[in-house]
Amino acid sequence: MRSNTLYLVVPCYNEEEVLHKTAEVLSDKLLRLIAAGKASPKSRILFVNDGSKDKTWKIIYELTRKNEIFAGLSFSRNYGHQSAILAGMMAAREKADAVVTVDADLQQDIEALDQFLDCYQKGCEIVYGVRNDRDTDGFFKKMTAGAFYRLMHLLGCRTITNHADYRLMSKKALNALAEFKETNLFLRGLIPTMGFASDIVYFDVKEREAGQSKYTLKKMLTLAVDGITSMSTRPLQLIVVLGFLTFLFSICLFISCIVDWANGQVVAGWTTTVASTCLIGGMTLLSQGIIGEYIGKIYMESKGRPRYIVDSMILRDGGEEQTEVTDERTN
Ligand code: UDP
Ligand code: MG
């Protein structure tokens with residue numbers, strides 16, 4: 001049997017409404033896993049406070065006082081969901097044999113943990129949680145998510161459809177993940193490229209226990225653009241194709257103009273002129289925008305700034321408390 005100290009990493013952004021309930025449900029589940037011998041008594045629940053503006057960190061702090069099964073990590077500001085789960089996984093990796101990342105809102109069925117651990121015991125280094133359906137999502141989320149996965153596949157990214165970030169990773173997989181130093185982080189796309197023995201566990205999605213979704217449209221768009229630009233350079237290749245087609249079109253137009261001129265027909269084609277200017281102008285701007293997006297990403301990567309800054313960390317491990325102020329750098 002593989003050693004099984006399990007850390008649940010829970011990203012939290014303004015989750016004061018749901019956090020007490022989450023702590024209760026998760027600790028109940030973890031204690032049952034410990035009692036069944038599926039997880040070691042050293043297992044923990046690590047809440048990552050992603051720069052919340054409400055009482056989230058206060059609640060996490062109080063939870064760690066009451067029960068040493070809870071641990072907490074707090075960012076200096078809001079860095080986003082991807083950074084929060086990365087920080088949690090990196091903080092847990094030394095102590096844990098396996099880490100499961102799970103949302104704070106209890107939407108992901110926590111009972112699936114048994115299957116996650118079974119797969120881990122069978123030798124999987126990564127276990128992906130995939131949602132059975134999207135019935136609990138609104139029409140807009142369903143459509144945008146569907147379009148996003150289709151686009152990712154079209155652009156050649158190996159994302160797992162309907163897998164969000166509910167996933168188990170073993171210590172070995174986490175150590176491999178730590179080698180990836182990129183600032184532009186899209187874990188859902190990155191982790192499947194790592195290889196390793198892996199499996200999929202299907203789970204049901206529930207309604208959010210309390211509070212509103214913390215993924216605003218802006219955050220979703222940023223994630224989508226980050227996902228595409230971090231995983232694929234195909235948009236740049238498409239620009240080359242577009243440029244080539246435009247070039248062919250211009251040559252045809254040029255030849256037609258010469259023929260018209262030779263025939264003595266002076267073209268009164270104002271509409272054609274304006275339309276083609278607008279078309280070419282629009283395509284040029286779009287292409288420049290896409291290239292600019294990549295250059296921006298290169299610029300940010302070249303700076304090698306920290307992906308997140310940890311303000312404080314509380315982890316009680318067998319009586320002795322560790323409270324640290326650390327700064328996790330990319331390089
Ligand atoms: N979250 C985060 N930082 C953010 C936004 C969200 O840590 O900037 C967390 C949030 O607290 C939750 C998880 O990411 O635990 C998923 O967010 P949410 O449930 O709001 O997204 P949805 O399920 O609506 O896609
Ligand atoms: Mg949610």
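As the structure lists them, so they are numbered: ligands from 1, and atoms in each ligand from 1.
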Considering both backbone and side-chain atoms of G80, is one of its nitrogen or oxygen atoms within less than 3.5 Å of a nitrogen or oxygen in ligand 1? no
Nearest heavy atom to atom 12 (C) of ligand 1 wins, so pick from E15, H81, Q82, K214. E15
Quick check on contacts: which atoms of ligand 1 are under 4.0 angstrom from a heavy atom of K219? 4 (C), 8 (O)
Selected option - heavy-atom contact closest to atom 17 (O) of ligand 1, from F75, Y215, Y13, Y79: Y215
Quick look: D50 vs ligand 1, heavy-atom contacts under 4.0 Å, and the answer is side chain
Heavy-atom nearest pair, V127 first then C119, reads CG2-CB, 3.6 Å
The protein heavy atom nearest to atom 25 (O) of ligand 1 is K141 NZ, 2.7 Å
Please determine whether D105 has a backbone or side-chain N, O or S atom lying under 2.8 Å from the Mg ion (ligand 2). yes
Taking atom types as modelled and ignoring hydrogens, do the side chains of T183 and E301 form a donor-acceptor contact shorter than 3.5 angstrom? yes
N or O pair under 3.5 Å between N78 and ligand 1: yes
Using every non-hydrogen atom in the two residues, find where L117 and L168 come nearest and quote the distance to one decimal. CD2-CD1, 4.1 Å
Side-chain donor-acceptor pair present, S230, N184, cut-off under 3.5 Å: no
Would you call D165 and R188 a salt bridge, using N to O less than 4.0 angstrom? yes
Measure N14 to ligand 1 on non-hydrogen atoms and call it side chain, backbone, both or neither using the 4.0 Å cut-off. neither
The closest protein heavy-atom partner of atom 15 (O) of ligand 1 is P11 O, 2.7 Å
What is the nearest protein non-hydrogen atom to atom 19 (O) of ligand 1, stated with its residue, atom name and distance? D105 OD2, 2.5 Å
Check ligand 1 against C12 and write out every atom of the ligand that is under 4.0 Å from a heavy-atom position of the residue. 7 (O), 11 (O)
Starting from atom 24 (O) of ligand 1, what is the nearest protein heavy atom, named by residue and atom, and what distance separates them? S213 OG, 2.5 Å
Any carboxylate oxygen within less than 4.0 angstrom of a Lys/Arg side-chain nitrogen, looking at K29 and D114? yes
Give me the atom names and distance for the closest heavy-atom approach of D199 to C124. CB-SG, 3.7 Å
Which atom names give the shortest non-hydrogen contact between A104 and V10, and what distance separates them? CA-CG1, 3.5 Å
Which ligand 1 atoms are under 4.0 Å away from a heavy-atom of A104? 15 (O)
Which residue supplies the protein heavy atom nearest to atom 23 (O) of ligand 1, what is that atom called, and how far is it? Q107 OE1, 2.8 Å
Taking both backbone and side-chain atoms into account, decide whether Y215 has an N/O/S atom under 2.8 Å from the Mg ion (ligand 2). no
Thinking salt bridges, do D118 and K122 make one under a 4.0 Å N-O criterion? no
Counting non-hydrogen protein atoms only, what is the nearest one to atom 18 (P) of ligand 1? Give residue, atom name and distance. R208 NH2, 3.5 Å
Evaluate the ring planes of F75 and Y79, with Trp represented by its six-membered ring, and classify them as parallel (under 30°), tilted (30 to 60°) or perpendicular (over 60°). perpendicular
Ligand 1 atoms nearer than 4.0 angstrom to some heavy atom of D103 are 13 (C), 15 (O), 16 (C)
Between K42 and E68, is there a salt bridge with N-O shorter than 4.0 Å? no
